[in-house]
2 protein chains.
Amino acid sequence: MSSGKLPDTTSFPRPARSLHSEVVEEIARWLIEGHLVAGDLLPNEVEIVERLGVSRTIVREAVRTMVAKGMLQVRRRNGTVVLGEDQWSMFDRELLAWRFRYGVSEDFLEELFRFRAGVETMAAEFCASTPGYDATPLLECCDAMALALQGKGDWFAADLNFHCLLLTGAGNRFLAHLTPMLENLFDALFSPDVLVEDNMRRTLPRHRAVAEAIAAGDPAAARERMLLLVGEARDDTLQRIDLLRGDRS
Amino acid sequence: MSSGKLPDTTSFPRPARSLHSEVVEEIARWLIEGHLVAGDLLPNEVEIVERLGVSRTIVREAVRTMVAKGMLQVRRRNGTVVLGEDQWSMFDRELLAWRFRYGVSEDFLEELFRFRAGVETMAAEFCASTPGYDATPLLECCDAMALALQGKGDWFAADLNFHCLLLTGAGNRFLAHLTPMLENLFDALFSPDVLVEDNMRRTLPRHRAVAEAIAAGDPAAARERMLLLVGEARDDTLQRIDLLRGDRS
DNA sequence: CCCAATTTGTTCGTATGTATG
DNA sequence: GCATACATACGAACAAATTGG
């Protein structure tokens with residue numbers, strides 16, 4: 001009966017999204033926005049069915065998806081409980097996208113930047129210590145960034161590509177698997193419209209220095225320079241965000 | 001009708017495992033063992049239903065689970081395709097367990113050890129540079145390992161605990177999220193019955209040296225010593241595995 | 001110890017929508 | 001444009017397990 005209120009879930013101008021993903025994202029939002037926290041019980045299946053106006057099948061499949069991502073745990077008779085954030089798939093593309101969309105905490109960003117610094121220095125070191133590693137794609141990225149500074153081309157794409165190349169080129173599938181994290185970070189925080197030209201002019205030579213150390217096969221230098229690069233990026237970004245927060249409050 | 005060939009998928013003496021997890025693991029095995037590779041189409045729903053003797057619902061929910069883990073992608077009308085291993089959730093507890101159970105490649109292990117070295121040195125560095133970090137749990141782990149060497153206590157648990165403490169104690173949720181990887185690695189390769197006392201006697205002082213560097217708040221030393229520790233562990237393990245492989249062939 | 005209520009687990013039949021050929 | 005094959009979605013029913021009286 002309660003489904004009378006929302007007669008047109010399908011009539012939204014959504015291109016090809018399935019009911020499944022709608023419901024998954026809706027429930028995920030409950031958790032990410034904190035309406036349900038670790039230890040809470042999810043409403044039971046029939047209640048969700050009534051609240052969202054979808055069939056039980058959809059709800060069950062949505063729950064399966066979220067269990068697979070470590071967000072829920074379901075026990076017979078007991079209901080479905082929300083797991084702590086420490087159990088959630090931390091590097092899952094979708095989950096990261098949801099977090100950035102529905103709000104990440106300052107702590108989350110801090111730790112993300114610190115972790116990123118660690119893995120990217122690691123990747124730079126790996127690349128530099130790979131015999132015969134071809135660094136030309138990295139240098140080409142730097143050229144593309146330089147062109148973008150003159151208004152010819154896409155800085156954002158070149159910058160992101162540089163960092164992804166590092167992760168994927170290190171010859172380590174675990175490092176390579178962290179690219180969705182970077183992509184989400186870039187999408188959320190370095191979107192083209194917030195790029196500051198001042199920062200770009202400063203960071204470009206840092207990028208090139210890293211690429212050159214890798215081309216020279218010098219792991220220690222690559223590591224050191226990468227640390228400098230991501231440290232500056234961190235400072236720039238967190239400072240910019242603090243300014244935004246300051247404006248809002 | 002066609003299910004007459006396998007009348008007893010359910011009659012196995014499995015205690016409380018759900019049909020869902022059975023089917024998920026069965027399909028996962030198809031992928032991990034390589035019967036289906038990237039780009040292949042999964043048999044359609046009805047065929048899986050007939051082959052496994054379960055309902056469509058079960059199959060659909062199993063597919064949802066594996067889509068959530070990045071192993072499958074389903075497209076309307078087109079069928080369900082197997083994704084490349086680079087898309088699979090690399091740090092997912094279940095998926096790691098399946099891989100170790102159904103066979104990991106030598107490359108996989110090599111990269112895992114290299115990645116592990118990177119993140120654990122990172123964690124040691126983070127811990128050592130945390131002001132007021134309490135290193136006594138780490139030192140207690142070393143004591144427990146020393147006792148285990150005298151036959152009093154569980155070396156395996158103490159060793160694993162040492163490394164997990166490092167990851168969880170670094171104050172970084174991304175590092176902490178890598179503990180399932182370590183746990184699976186330890187379970188698969190350092191199980192109590194294959195521990196070599198010689199290696200244990202050598203590695204114990206290495207552990208203590210790391211803990212002491214962290215207690216002293218010396219990130220550079222912590223990093224250096226950790227690198228030594230995991231390097232030796234890597235060599236010991238890969239050598240032992242090579243011996244096993246050599247015996248078998 | 002058993003009984004009953006609650007909640008998820010599982011199956012089946014059917015209908016719809018959407019690409020493909 | 002039509003038919004086909006397949007995933008998508010719904011609803012009703014029964015099974016099984018766990019909790020609490």
Side-chain angles (χ1 to χ4, degrees), chain A residues 1-4 6-27 36 39-68 71-83, chain B residues 1-4 6-27 36 39-68 71-83:
Chain A
M1 55 288 207
S2 69
S3 58
L6 48 160
D8 57 343
T9 323
T10 60
S11 74
F12 272 72
R14 301 279 170 80
R17 302 206 51 190
S18 64
L19 245 191
H20 174 76
S21 33
E22 301 268 1
V23 171
V24 169
E25 197 166 332
E26 174 67 18
I27 299 180
L36 290 174
D40 284 353
L41 254 65
L42 211 65
N44 68 33
E45 290 176 353
V46 289
E47 185 167 348
I48 299 181
V49 162
E50 289 168 357
R51 196 184 300 185
L52 300 183
V54 296
S55 72
R56 194 172 162 219
T57 310
I58 295 292
V59 173
R60 286 185 55 82
E61 289 182 7
V63 168
R64 292 295 191 201
T65 292
M66 297 181 62
V67 168
M71 305 176 78
L72 298 176
Q73 186 180 31
V74 30
R75 290 180 314 230
R76 275 184 122 126
R77 159 67 185 163
N78 242 9
T80 304
V81 313
V82 177
L83 296 184
Chain B
M1 22 346 229
S2 74
S3 58
L6 48 161
D8 59 341
T9 322
T10 61
S11 74
F12 272 72
R14 300 279 170 83
R17 300 204 51 190
S18 65
L19 251 188
H20 174 77
S21 33
E22 301 268 0
V23 171
V24 169
E25 196 166 333
E26 174 68 17
I27 300 180
L36 291 174
D40 284 352
L41 255 65
L42 211 64
N44 68 35
E45 288 178 356
V46 288
E47 185 167 347
I48 298 181
V49 162
E50 289 168 358
R51 197 186 300 186
L52 300 183
V54 296
S55 71
R56 263 196 306 284
T57 311
I58 296 291
V59 173
R60 287 184 55 80
E61 290 183 6
V63 168
R64 291 296 190 200
T65 291
M66 297 181 63
V67 168
M71 305 176 79
L72 299 175
Q73 185 180 30
V74 21
R75 292 182 310 231
R76 289 179 106 110
R77 162 65 189 163
N78 245 3
T80 303
V81 317
V82 177
L83 297 184

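So you know, we letter chains A, B, ... as the sequences are listed, proteins then strands, and number each from 1. Computed over heavy atoms, backbone and side chain alike; hydrogens, waters and symmetry mates excluded.
Between A:Arg75 and C:dT7 there is no side-chain polar atom (N or O) within less than 4.0 angstrom of OP1 or OP2. For C:dG17, neither phosphate oxygen OP1 nor OP2 lies less than 4.0 angstrom from any side-chain nitrogen or oxygen of B:Arg76. When the side-chain nitrogen and oxygen atoms of B:Asn78 are compared with OP1 and OP2 of C:dA19, none of them lie within a distance under 4.0 Å.
Between B:Glu50 atom CD and C:dC12 atom C1' there is a gap of 15 Å when expressed in whole angstrom units. Protein atom CZ of A:Arg60 is 15 Å distant from nucleotide atom C1' of D:dA9, rounded to whole Å. Per the geometry, CZ belonging to B:Arg64 stands 18 Å off C1' belonging to C:dT10, to the nearest Å. A straight line from CG of B:Asn44 to P of C:dT20 spans 16 Å, rounded to a whole angstrom. Rounded to an integer number of Å, the gap from CD1 of B:Ile48 to C1' of D:dC6 is 13 Å. For the pair A:Leu19 CG and C:dA15 P, the computed distance is 20 Å after rounding to whole Å. One interatomic measurement links the two molecules: CD of A:Glu22 to C1' of D:dA9, which rounds to 14 Å at whole-angstrom precision. As a whole-Å value, the separation of A:Leu41 CG from D:dT19 P is 12 Å.
Toward the 5′ end of DNA chain D lies the nearest nucleotide of B:Glu45, the other residue of the pair B:Glu45 and B:Thr57 mapping further downstream. Nearest-nucleotide positions on DNA chain C place A:Gly79 closer to the 5' end than the other of B:His20 and A:Gly79.
Salt bridge annotation for A:Glu45-A:Arg56: present, with a cationic side-chain nitrogen under 4.0 angstrom from a carboxylate oxygen.
In this structure, CD1 on A:Ile48 lies 11.5 Å from CZ on A:Arg60, to the nearest 0.5 angstrom. Atom CZ of A:Arg75 sits about 7.5 Å away from atom CG of A:Leu41, to the nearest 0.5 Å. Here A:Met66 contributes atom CE and A:Glu25 contributes atom CD; the two are 10.5 Å apart, rounded to the nearest 0.5 Å.
For B:Ile58, taking side-chain heavy atoms from C-beta onward, the closest of the listed nucleotides C:dT10, C:dT6, D:dG11 is C:dT10.
Looking at heavy-atom distances under 4.0 Å, B:Val74 makes contact with sugar-phosphate atoms alone, never a base.
Counting atom types as modelled, A:Arg56 pairs a side-chain N or O with a base atom of C:dT10 as donor and acceptor under 3.5 Å.
Contact check for A:Val54 versus A:Val59: side-chain heavy atoms found under the 4.5 Å cut-off.
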